[in-house]
Amino acid sequence: MVIKITNTEEMRAIEAAADEAGISYQTMMERAGQAAAERALQLIEHLSDPRVTVLIGPGNNGGDGLVTGLLIKQANEAADVRFYLLTERPEDDPYIPVIHEVGLFTALASDDGDKRVLRNMVASSDLVIDALFGIGIRLPLRDEAAKVLRAVRRGLLDREKEHKEAETWSINPAQAPSEAGSGVKILAIDGPSGLDFDTGQIDTTALTADETVTFIAAKYGQLLFPGAQSVGQLTVANLGIPDKVKELKSIEATLLDAATVADLLPARNQDSNKGTFGKAMIVAGSVNYVGAANLAARSAYRSGVGLVSVASARPVAGMLAAATPEATWVLLPHDMGVVSDGATDMFFEEIGKYSALLIGPGMGQEDTTQRFLFQVLDHNRKQAVPKRRGLGFANLPPANDTEDDKAEASELPPLVIDADGLNMLSKEDEWWKHLPENTILTPHPGEMARLTGLSIEEVQKDRFGIVSEKAKEWNTIILLKGAHTLIAEPKGRVTALPFKNDALATAGTGDVLAGLIVGLLAQGMAPYDAACAGAYLHAFAGEFAAQALGPRSVIASDVIDALSSAFKALTPA
Ligand SMILES: NC(=O)C1=CN([C@@H]2O[C@H](COP(=O)(O)OP(=O)(O)OC[C@H]3O[C@@H](n4cnc5c(N)ncnc54)[C@H](OP(=O)(O)O)[C@@H]3O)[C@@H](O)[C@H]2O)[C@H](O)CC1
Ligand SMILES: [K+]
């Protein structure tokens with residue numbers, strides 16, 4: 001199963017192709033209603049006589065809502081299901097007669113001038129299903145639709161107020177009742193009505209859903225802010241559309257899922273030693289940013305790599321060695337605690353032993369460090385092979401002749417550039433021409449803005465477009481961080497993460513991510529796969545950490561600690 005991401009035009013083409021292939025529009029609508037009803041039934045399963053209000057729009061989104069409501073009633077006789085119609089449904093609607101036959105309550109907006117009926121319906125509901133509009137919307141919302149949504153909000157507030165009045169207060173906050181909010185859940189069909197499914201723009205009157213059930217594929221607008229904020233937890237129901245439908249198959253944007261990541265991870269061979277699982281080198285840290293190297297190295301180790309070496313300015317190693325006992329160290333020449341360009345020779349004496357390389361976290365951006373970075377990047381092009389100078393380190397095995405030869409002939413191993421590495425790149429004209437093929441860049445939106453010369457707002461507004469375009473232009477893999485992190489490669493693939501977790505918005509989590517990716521790379525994963533899997537596991541670990549500690553209190557080290565939970569959940573023993 002691969003979850004695709006489409007725009008509305010692509011979705012229309014897929015629907016038409018599915019219809020052509022024998023899955024009629026009505027069949028799709030009934031399967032859509034079935035999928036939404038399943039989620040709805042789960043949301044009300046703890047209630048003995050649940051009350052459900054379904055908001056019905058004029059188009060097929062409304063049709064999905066009618067099916068959903070009917071199926072809820074069919075599955076749960078005790079449920080009080082009522083429908084609120086924005087407009088009369090088309091005359092040939094097959095579901096309205098059934099609703100009348102079953103005797104379910106319906107109200108029509110044009111009969112409810114001041115929207116009191118709607119407000120009361122919502123205030124007395126446990127679940128509101130939003131089936132006013134889906135991908136057929138053209139913003140802004142017309143008046144009547146906006147009025148209906150405002151009345152729904154008022155109904156929700158009434159309910160919340162009532163709930164609060166009924167609350168009892170405990171003197172000791174540690175023992176206060178934990179239940180909060182109005183208790184009304186909102187389930188959106190395909191998305192909150194008022195969402196632009198292509199851009200993520202959203203009408204100010206739109207509801208904030210707890211959950212969204214969408215169909216066949218995710219839509220860009222569900223993953224872009226500000227709309228993504230109102231989508232809640234997203235479920236994708238494929239409606240039985242075969243993967244081979246050309247219009248679906250040709251889509252290159254996908255939403256990453258746990259099973260796909262589990263399949264990507266390298267197998268663990270029991271007959272192994274630390275050499276089996278690769279060696280990662282991390283060039284990181286400077287006297288001003290000491291901790292980055294520690295976070296990246298510890299995170300890399302949690303990925304299962306056999307050995308992690310940190311190459312850093314000598315004083316940094318002195319400060320960190322005790323806190324990072326598993327790492328080995330390569331002590332680079334430095335100027336006042338930042339890596340100097342004189343470090344290049346020593347770097348190349350070592351790098352041949354490593355199967356992956358990360359450069360950047362906490363390095364600073366001094367001119368001398370920048371020269372070092374570009375000398376490293378240009379090595380493959382210039383074939384400048386330095387002579388070994390015998391400056392080994394106590395904790396690395398002495399190189400024998402063969403290793404020496406290997407080191408001298410070596411190209412750079414698969415490479416990740418992060419943080420200050422990216423900032424130093426952006427200071428050089430046409431910097432991308434210096435990158436070895438398949439390099440992974442891991443910018444956050446601010447770094448991406450610097451690399452592209454755009455503003456952060458411009459980057460964020462068109463995340464998918466920009467990351468895809470730049471991956472092609474720069475011929476490199478780009479991982480654009482943020483809620484719904486994106487990974488794109490030059491050939492056109494783009495992958496989005498399903499996570500939007502503010503727990504990761506804290507210093508050092510970027511170092512953790514970069515370390516995790518280099519650890520996976522070192523174990524032989526293909527660069528694009530390592531970037532995707534690393535990003536997924538990092539965000540997944542963030543979810544575990546947030547559950548345990550609350551998103552507010554999570555710090556980068558907690559994410560490292562939670563990595564084992566993320567790996568275990570994906571690949572249970
Ligand atoms: N993707 C799938 O495979 C499936 C999707 N299904 C569902 O179908 C909807 C899309 O249905 P569609 O009928 O094309 O469009 P909507 O229901 O979303 O909306 C159309 C109606 O909305 C009116 N409209 C448009 N803009 C506004 C506005 N700004 N204010 C008020 N009203 C608006 C529009 O009126 P017009 O006068 O402009 O025509 C239409 O009446 C999709 O989202 C899924 O939920 C299938 O059921 C299953 C397969
Ligand atoms: K909707």
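Order of appearance sets the numbers: ligands from 1, and atoms from 1 within every ligand. If you're wondering where the values come from, they're calculated on a predicted model, not measured in any experiment. Index from 1, following the sequence.
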Quiz item: What heavy-atom pair brings Leu195 and Ile137 nearest, and what distance separates the two atoms?
Solution: O-CG2, 3.2 Å

Quiz item: Between Asp64 and ligand 1, which part of the residue brings a heavy atom under 4.0 Å of the ligand: side chain, backbone, both or neither?
Solution: side chain

Quiz item: Under 4.0 Å between a Lys/Arg side-chain N and an Asp/Glu carboxylate O for Asp158 and Arg119?
Solution: yes

Quiz item: Which atoms of ligand 1 sit under 4.0 Å from any heavy atom of Pro58?
Solution: 21 (C), 41 (O)

Quiz item: Does any N/O atom on Gly136 come nearer than 3.5 Å to any N/O atom on ligand 1?
Solution: yes

Quiz prompt | Check ion pair Lys470-Glu473 (N to O, under 4.0 angstrom) | solution = yes

Quiz item: How does Asn60 reach ligand 1, by side chain, by backbone, by both or by neither, if only non-hydrogen atoms under 4.0 Å count?
Solution: both

Quiz item: Counting each atom of ligand 1 from 1 as listed, which ones have a heavy atom of Asn61 under 4.0 Å away?
Solution: 8 (O), 9 (C), 11 (O), 17 (O), 18 (O), 43 (O), 45 (O)

Quiz prompt | Ring-ring centroid check Phe499 Tyr536, cutoff 6.0 Å | solution = yes

Quiz item: Any salt bridge between Asp196 and Arg138, counting N to O under 4.0 Å?
Solution: no

Quiz item: Any idea how Trp432 and Trp474 line up, ring-wise: parallel (<30°), tilted (30 to 60°), or perpendicular (>60°)?
Solution: parallel

Quiz item: Below 4.0 Å from any atom of ligand 1, is there a heavy atom belonging to Arg12?
Solution: yes

Quiz item: Is any side-chain heavy atom of Pro226 closer than 4.5 Å to a side-chain heavy atom of Gln201?
Solution: yes

Self-check item: ligand 1 atoms in contact with Met28 (distance to a heavy atom under 4.0 Å)
Solution: 48 (C), 49 (C)

Quiz item: Taking all atoms of both residues into account, what is the closest heavy-atom pair of Thr485 and Arg463, and its distance?
Solution: CA-NH2, 3.8 Å

Quiz item: Can you tell which of Arg31, Met29, Glu15 gets a heavy atom nearest to atom 5 (C) of ligand 1?
Solution: Glu15

Self-check item: Least distance between heavy atoms, Ala188 atom then Ala209 atom
Solution: CB-CB, 3.8 Å

Self-check item: Basic-acidic side-chain contact under 4.0 Å: Arg51, Asp80
Solution: no

Quiz prompt | Closest to atom 18 (O) of ligand 1 (judged by heavy-atom distance), picking from Ala36, Ala16, Gly134 | solution = Gly134

Exercise. For the K ion (ligand 2), state how many protein N, O or S atoms fall inside a distance shorter than 3.4 Å.
Key: 6

